[in-house]
K.L.:
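Sharing a structure with you now.
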Amino acid sequence: QKEVEQDPGPLSVPEGAIVSLNCTYSNSAFQYFMWYRQYSRKGPELLMYTYSSGNKEDGRFTAQVDKSSKYISLFIRDSQPSDSATYLCAMPGGANNLFFGTGTRLTVIP
Amino acid sequence: DAGVIQSPRHEVTEMGQEVTLRCKPISGHDYLFWYRQTMMRGLELLIYFNNNVPIDDSGMPEDRFSAKMPNASFSTLKIQPSEPRDSAVYFCASSLAWGLAGVDTQYFGPGTRLTVL
């Protein structure tokens, strides 16, 4: 079983839709939960991260963690064509590694 | 700052050839990471350095892979001999700090797209 599982999509939504991106993980010791965004032909960039359970909001983006279910989500409100990218969840495990999901490719159609 | 710089951006080579990928981290960052990204396996950490010293190379797939960091501003990832299954995008990233005690942002370069024929 992989440490982090993520539905690869692809996911296509119309502009203005609410997008929900999700990951599950297996290691209950994970404390930090990160979302990276990767545009085509670019490297990933950190979008936001949360510590432990709960929600964190940043503009149109909300990260949600449910540690009891080992489930994390990223919500995008009022999605824009510029949000079209691959979104990767990631979790630091131990002192040496950052476990990434395989990424979900999102396309927002104007 | 120019960010993390990688070269070349694209590399096409034939099986058995030696491939060298290069990375210049962001000035002042103490940590440097090499990742490989494929459709099937996603992003995988290959090796990381702290203050130019390799700390964990457990992600390096085989002895054909080697990485060096001769100084704070330069690192190489070498594959010798290369094989078709090495085809992937290789990313270099750097950060100020790392470890469970404090999560810090990793800044990724644009990647090198390697194709081994």
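In what follows, chains are A, B, ... by sequence order, proteins preceding strands, each numbered from 1.
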K.L.:
In Å and rounded to the nearest 0.5 Å, what is the CZ to CZ distance from B:R9 to A:R41?
P.N.:
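Output value for this atom pair is 9.0 Å.
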
K.L.:
How many angstroms lie between OH in B:Y35 and CG in A:L98, if you round to the nearest 0.5 Å?
P.N.:
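Between atom OH of B:Y35 and atom CG of A:L98 there are 4.5 Å.
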
K.L.:
Identify which part of A:Q6 has an atom lying under 4.5 Å from any heavy atom of chain B, answering side chain, backbone, both or neither.
P.N.:
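No part of it gets close to chain B.
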
K.L.:
Atom OG1 of A:T102 and atom CD of B:E44: how far apart are they, to the nearest 0.5 Å?
P.N.:
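One gets 11.0 Å once the value is rounded to the nearest 0.5 Å.
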
K.L.:
Report yes if some heavy atom in the side chain of B:Q37 is under 4.5 Å from a heavy atom in the side chain of A:L88; otherwise report no.
P.N.:
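Yes, side chains in contact.
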
K.L.:
Check whether B:W34 and B:I5 end up in the same hydrophobic cluster, where Ile, Leu, Val, Met, Phe, Trp and Tyr are linked by side-chain heavy atoms less than 4.5 Å apart.
P.N.:
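B:W34 does not cluster with B:I5.
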
K.L.:
Does B:D63 CG have over 12 foreign heavy atoms under 6.0 Å away?
P.N.:
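Check fails, neighbour count at 12 or below.
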
K.L.:
State whether the number of non-hydrogen atoms from other residues, nucleotides or ligands found under 6.0 Å of B:R41 atom CZ is greater than 12.
P.N.:
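Not more than 12 within 6.0 Å, no.
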
K.L.:
Which pair of non-hydrogen atoms, one from A:G43 and one from B:F91, has the smallest distance, and what is that distance?
P.N.:
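Nearest heavy atoms, A:G43 then B:F91: CA-CE2, 3.3 Å.
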
K.L.:
Is there a path of hydrophobic side-chain contacts, each under 4.5 Å between heavy atoms of I/L/V/M/F/W/Y residues, joining B:L45 to A:M34?
P.N.:
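Yes, A:M34 connects to B:L45 through the hydrophobic network.
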
K.L.:
So with a 6.0 Å cut-off around CZ of B:R64, is the heavy-atom count from everything else above 12?
P.N.:
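Atom CZ in B:R64 is packed in, count exceeds 12.
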
